[in-house]
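Because the structure is a prediction, the values reported are computed rather than measured.
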Amino acid sequence: MAADVDKTPAGEPKDDHDEDRATPSSRCARSRFKQFSSLFLIAAVPFIGFCIKYYQDIQLVKRHEAGLKALGADGLFFFSSLDIDHDLYLSPEEFKPIAEKLTGAAPPPEFEEEIPHDPNGETLTLHAKMQPLLLESMTKSKDGFLGVSHSSLSGLRFWKRPAILSSTFYARQFKVFLPPSGKSALGDTWWIIPSELNIFTGYLPNNRYHPPTPRGKEVLIHSMLSMFHPRPFVKSRFAPQGAVACIRAASDFYYDIVFRIHAEFQLNDVPDFPFWFTPGQFAGNIILSKDASHVREFHLYVPNDKSLNVDMEWLYGASESSNMEVDIGYLPQMELRAEGPSTPSVIYDEQGNMIDSRGEGGEPIQFMFEEIVWSAEMSREEASRHLEVTMYPFKKVPYLPFNEAFSRADTEKKLVHSILLWGALDDQSCSGRTLRETVLESSPVLALLNQSFISSWSLVKELEDLQGDKKNLDLSEKARLHLEKYTFPVEMTVALPNGTVVHHINANHFLDQTSMKPEEEEGPAISFSAGFEDPSTSTYIHFLQEGLEKARPYLES
């Protein structure tokens with residue numbers, strides 16, 4: 001018993017070894033208490049987090065209800081279009097577009113990358129030209145735009161000319177077009193502005209009016225597109241976004257670089273609902289020195305070689321899920337072109353003395369430029385194809401024009417895999433986005449198409465024109481046979497070299513098939529010998545194989 005008595009004098013600290021002399025039962029109790037405390041804290045953290053999130057969600061719902069009551073559905077929609085972080089509060093930054101509209105004064109944009117200001121550097125003047133979209137080329141024009149509100153098309157109807165006819169840039173700003181390290185060979189492609197979207201990320205919201213602040217390499221492209229319209233979106237809502245470039249030719253001191261940009265414009269402003277104007281692409285080229293101190297040529301334009309080249313989408317309601325109208329039309333001209341090579345404002349001799357200068361608003365200094373001799377080059381068409389394949393991997397399979405496809409198929413004794421649609425398959429005016437971003441770029445489909453088919457895609461309008469061509473009856477008949485099988489929006493066909501369609505499937509029906517669960521399908525499940533796991537790829541492979549099977553009697557006869 002005496003051994004259990006604590007003989008430490010009062011007021012003196014106990015020895016650190018007293019813990020070691022504690023009884024086993026007390027040590028066990030303390031251990032269980034510590035474990036329980038730790039478990040309680042671990043369990044409490046997510047519970048507290050849940051409570052905070054629950055409280056925030058309740059407050060957000062209350063603010064939403066209050067906003068709906070105060071503003072109505074349409075008013076809340078416009079409020080939400082400014083509320084970038086969706087917290088139902090407008091910060092000064094979010095309110096800025098309204099302040100600029102009310103005051104009529106817009107402060108200079110806050111760019112992440114400063115525009116280089118070199119008083120002795122060269123400058124380049126770009127001129128903008130455009131012809132407005134032909135309203136009669138739109139499908140809605142055929143019934144006099146019946147059911148289309150006047151306010152929906154107000155931004156389109158009043159957009160007749162460029163916002164800025166000419167603008168001057170520093171030559172060194174165009175360094176954004178120079179290739180990165182390791183991309184100096186002909187045909188090498190690189191992303192100037194990378195695409196951040198794919199089939200899994202979906203697309204960006206439609207209910208927006210004002211583009212985000214451009215950053216980095218977006219700054220120059222935003223500035224150039226702003227010459228056409230004050231609200232360009234450098235990154236489009238749909239994939240592939242951004243800008244890609246390729247070296248077409250090279251010399252000791254210069255590059256000729258071709259580029260392709262996917263961007264769009266928001267034509268409407270509050271109180272009208274958003275109207276998106278999406279050119280099929282912005283193509284162009286730039287010839288510049290390898291140190292970006294001099295630009296010899298610059299040209300940016302929307303290609304107008306197709307009968308339809310612009311996609312248009314506009315909302316009819318106050319939310320992202322509201323009804324949306326879609327149409328397509330023809331834009332005759334939209335381009336930027338340099339008036340000449342970039343020139344310095346001051347010229348110095350070898351001793352540093354100024355020998356010529358250009359005053360404020362004066363005429364450019366006159367120069368004689370040497371002819372560039374390219375040491376290596378490729379055709380513009382070949383370089384453009386490199387850009388296409390980079391942006392659209394499905395173009396690894398060549399897609400020939402309608403008439404060429406049947407001629408080639410006859411020569412090679414293959415079938416024609418043809419896609420008929422309203423907008424171009426290989427630009428942003430396309431109505432077959434899902435198709436090209438999934439099955440058409442999958443490796444098994446690419447392999448089968450290369451092996452057994454000649455591929456082609458055609459605009460409905462172009463086949464309608466071919467059908468009416470009495471000078472080429474053979475091609476007219478092939479167009480008629482395909483149009484007979486067409487159903488909006490996209491039709492995929494398998495045809496013989498003589499134009500006979502042996503198999504076809506509509507894109508909507510195809511997507512319905514790939515979205516069905518196995519137990520929902522009628523009849524026995526389809527078996528695929530190749531064992532493809534992706535249902536859309538498997539279904540498209542099956543469609544092509546069925547076409548080959550149905551064509552066999554014709555090919556063997």
Can you tell me how far apart CG (Leu124) and CD (Glu297) are? Round to the nearest 0.5 Å. 11.0 Å
Can you find a side-chain donor-acceptor pair between Ser476 and Asp469 that sits under 3.5 Å? no
Residue pairs passing the salt bridge (charged side-chain N to carboxylate O under 4.0 Å, His left out) test with at least one member in residues 228-244, sequence neighbours excluded, are Glu196-Lys235, Glu218-Lys235, Arg231-Asp269, Arg237-Glu264, Arg237-Glu313
Scan residues 372-385 for pairs that pass salt bridge (charged side-chain N to carboxylate O under 4.0 Å, His left out), counting only residues two or more places apart or in two chains. Arg248-Glu377
Heavy-atom side-chain proximity of Gln333 to Glu335 below 4.5 angstrom: yes
Using the test side-chain contact (heavy atoms from CB on, under 4.5 Å), find all partners of Leu466 that sit at least two apart in sequence or belong to another chain. Phe402, Leu463, Leu475, Ala479
If you look only at distance, which donor and acceptor atoms sit under 3.5 Å apart when one is on a side chain in residues 501-511 and the other is two or more places apart or in another chain?
residue: His503; atom: ND1; partner: Lys550; partner atom: NZ; Å: 3.2
residue: His503; atom: NE2; partner: Glu546; partner atom: OE1; Å: 2.9
residue: His504; atom: ND1; partner: Glu491; partner atom: OE2; Å: 2.8
residue: Asn506; atom: OD1; partner: Asn508; partner atom: N; Å: 2.9
residue: Asn506; atom: ND2; partner: Thr487; partner atom: O; Å: 2.7
residue: Asn506; atom: ND2; partner: Phe488; partner atom: O; Å: 3.4
residue: Asn506; atom: ND2; partner: Val490; partner atom: O; Å: 3.1
residue: Asn506; atom: ND2; partner: Glu491; partner atom: OE1; Å: 3.2
residue: His509; atom: NE2; partner: Gln513; partner atom: NE2; Å: 3.1

To the nearest 0.5 Å, tell me how far Phe228 CZ sits from Met334 CE. 5.5 Å
Distance-only side-chain donor-acceptor flag, Asn304 / Asn309, under 3.5 Å: no
Between His417 and Ser455: side-chain donor-acceptor atoms closer than 3.5 Å: yes
Ring centroid separation for Phe259 and Phe177, is it under 6.0 angstrom? yes
Answer yes or no: is there a side-chain heavy-atom contact under 4.5 Å between Ile328 and Val310? no
Looking at CG of Leu435 and CG of Leu425, how far apart are the two atoms once the value is rounded to the nearest 0.5 Å? 7.0 Å
CD/Gln241 to CE/Met391 distance, rounded to the nearest 0.5 angstrom? 9.5 Å
Might you point out which heavy atoms bring Phe277 and Met312 nearest each other, and give the distance in Å? CD1-CG, 4.0 Å
So, His262 versus Arg260: side-chain donor-acceptor pair below 3.5 Å or not? yes
Would Lys290 and Phe253 count as a cation-pi pair here, with the cationic atom under 6.0 angstrom from the ring centre and within 45° of the axis? no
How about Pro279 and Gln428: do any of their side-chain heavy atoms sit closer than 4.5 Å? no
Thr390 side chain reached by Trp190 side chain, heavy atoms, under 4.5 Å: no
Sorted by chain and residue number, the salt bridge (Lys or Arg N to Asp or Glu O under 4.0 Å) partners of Asp465 (sequence neighbours excluded) come out as Lys461
NZ or CZ of Arg436 within 45° of Tyr392 ring axis and under 6.0 Å: no
Sorted by chain and residue number, the side-chain hydrogen bond (donor to acceptor under 3.5 Å, both in side chains) partners of Arg337 (sequence neighbours excluded) come out as His299
Validation row, ring centre Phe174 to ring centre Phe298 under 6.0 Å: yes
Report yes if the distance between the aromatic ring centroids of Phe265 and Trp276 is under 6.0 Å, otherwise no. no
Does any non-hydrogen side-chain atom of Leu126 lie less than 4.5 Å from one of Ser167? no
Atom pair CH2 (Trp457) and CD1 (Ile419), whose distance is rounded to the nearest 0.5 Å: 10.0 Å
Would you say the side chains of Ser152 and Ser149 form a donor-acceptor pair under 3.5 Å? yes
